[in-house]
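Everything on this sheet refers to the single structure shown next.
Note that ligands are numbered from 1 as they come in the structure, with each ligand's atoms numbered from 1 the same way. Since we're looking at a predicted model, the values are computed, not measured. Numbers here are sequence positions counted from 1.
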Amino acid sequence: MARIVGAITTSHVPAIGGAIARNLQHEPCWRPFFDGFVPVRKWLAEVEPDVVVLLYNDHGLNFFLDKMPTFAIGAAAEYRNADEGWGIPQVPPFKGDPDLSWHLIESLVQQDFDLTTCQEMRVDHAFTLPMALLWPEQNWPVRTVPVCINTVQFPLPSAARCYKLGQAIGRAIEEWNSDAKVLVLGTGGLSHQLDGERAGHINKEFDLQFMASLVGDDPQWATRFSINELVRQAGTQGIELLMWLAARATLTGKVSELHRNYHIPISNTAAGLMLLENR
Ligand code: DHB
Ligand code: FE
């Protein structure tokens with residue numbers, strides 16, 4: 001059976017793509033962010049996962065406001081990036097894993113999660129930039145399965161629902177008839193608000209408490225808050241922390257924190273990174 005080797009959670013700010021394109025990784029404002037990935041890449045080189053199940057939110061590239069699934073999953077053999085208007089270079093296509101996709105779809109529908117299944121899907125910066133941070137050569141030595149959670153257009157799924165989705169994905173992966181090593185990646189957050197009167201809102205205290213909760217006795221801590229309360233704390237886009245929560249929930253074994261980084265701000269966002277091992 002397949003094995004979940006761990007989860008990585010990270011921010012996905014588009015400006016990262018600009019910094020990579022202009023080789024600014026060693027500039028004083030970027031260095032504390034990019035350096036955070038060095039131990040993560042070392043761990044990846046040791047563990048060599050075969051597949052990445054990538055939980056993220058699409059920001060208008062594949063789904064727009066006219067059709068917005070709460071949960072969606074890719075079932076394609078290949079996923080391409082496209083111009084989103086951020087002015088960042090596009091990255092090479094990603095290999096899919098249709099066998100795992102269809103296994104997840106069958107299992108999740110069985111577990112009462114009615115996802116939108118996408119046999120064609122374009123992947124945006126929330127997918128491509130975390131991948132480029134983990135594999136800067138952009139040769140993608142893994143197959144991928146994209147899973148989208150709507151954090152863009154209200155109503156949003158509750159934190160508790162996202163946690164349960166993560167648990168269901170974790171169960172499904174471990175029942176997949178394959179000897180693949182699977183890495184779960186959750187992208188978004190941490191606190192940020194890009195629009196309105198509170199634009200620029202960052203809540204370090206909440207971010208640190210949230211990160212600690214994922215590796216403490218009560219990883220479901222954030223599920224006690226309503227979506228509105230999470231937005232109040234973390235910002236209208238900080239609600240992307242839902243992907244961190246779902247990624248954490250996929251881990252079924254003994255979870256240990258191997259690495260953490262937190263850096264304020266890149267662009268408008270408090271950038272966080274965690275590497276969680278699953279044994
Ligand atoms: C920013 C952050 C995001 O999560 C995003 O999707 C777009 C922009 C930012 O901080 O600039
Ligand atoms: Fe985002």
Side-chain angles (χ1 to χ4, degrees), residues 8-22 24-25 27 29-34 36-37 54-65 68-72 79 81-91 121-134 146-154 156-157 159 162 185-204 206-207 210-211 222 227 230-247 261-274:
I8 297 171
T9 52
T10 172
S11 310
H12 61 221
V13 175
I16 299 163
I20 293 172
R22 285 178 284 134
L24 303 180
Q25 291 92 330
E27 294 290 314
C29 64
W30 281 106
R31 191 173 189 128
F33 172 75
F34 281 99
F37 287 86
L54 205 159
L55 313 180
Y56 70 110
N57 62 299
D58 181 270
H59 299 71
L61 179 69
N62 193 66
F63 305 113
F64 200 59
L65 303 181
M68 183 57 71
T70 301
F71 301 122
Y79 302 97
N81 181 216
D83 184 9
E84 301 170 57
W86 297 105
I88 54 181
Q90 280 142 61
V91 299
M121 195 170 191
R122 287 184 301 174
V123 291
D124 80 354
H125 67 274
F127 184 106
T128 62
L129 295 176
M131 289 293 287
L133 289 163
L134 301 188
V147 177
C148 289
I149 298 177
N150 167 33
T151 61
V152 170
Q153 172 155 270
F154 279 73
L156 312 187
C162 292
L185 190 50
T187 90
L190 288 175
S191 59
H192 62 302
Q193 171 137 352
L194 301 179
D195 42 26
E197 281 175 18
R198 262 196 349 164
H201 170 79
I202 280 179
N203 187 345
K204 179 174 179 179
F206 183 81
D207 287 341
F210 173 65
M211 286 198 285
I227 287 293
L230 288 171
V231 165
R232 212 168 283 129
Q233 293 289 348
T236 41
Q237 281 74 35
I239 193 65
E240 291 175 347
L241 63 79
L242 291 175
M243 271 68 72
W244 288 49
L245 197 57
N261 192 32
Y262 184 77
H263 176 54
I264 292 177
I266 58 170
S267 185
N268 296 293
T269 297
L273 168 67
M274 288 179 94

Does any non-hydrogen side-chain atom of [Y] lie less than 4.5 Å from one of [X]?
X: L54; Y: M131; value: yes
X: T151; Y: M243; value: yes
X: N62; Y: C148; value: no
X: L241; Y: F206; value: yes
X: L245; Y: F210; value: yes
X: L134; Y: L185; value: yes

Any idea which residues sit under 4.0 Å from ligand 1, heavy-atom distances?
H12, V13, P14, H59, W86, H125, H192, L194, E240, S267, N268, T269

Residue E240 atom name (nearest to the Fe ion (ligand 2); N/O/S)
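Sorting the N, O and S atoms of E240 by distance to the Fe ion (ligand 2) puts OE2 first.
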
Rounded to 10°, how many degrees is the angle NE2/H12-the Fe ion (ligand 2)-NE2/H59?
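Computed angle, vertex at the Fe ion (ligand 2), rounded to 10 degrees: 100°.
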
Would you please say whether a donor-acceptor pair under 3.5 Å links the side chains of H59 and E84?
no

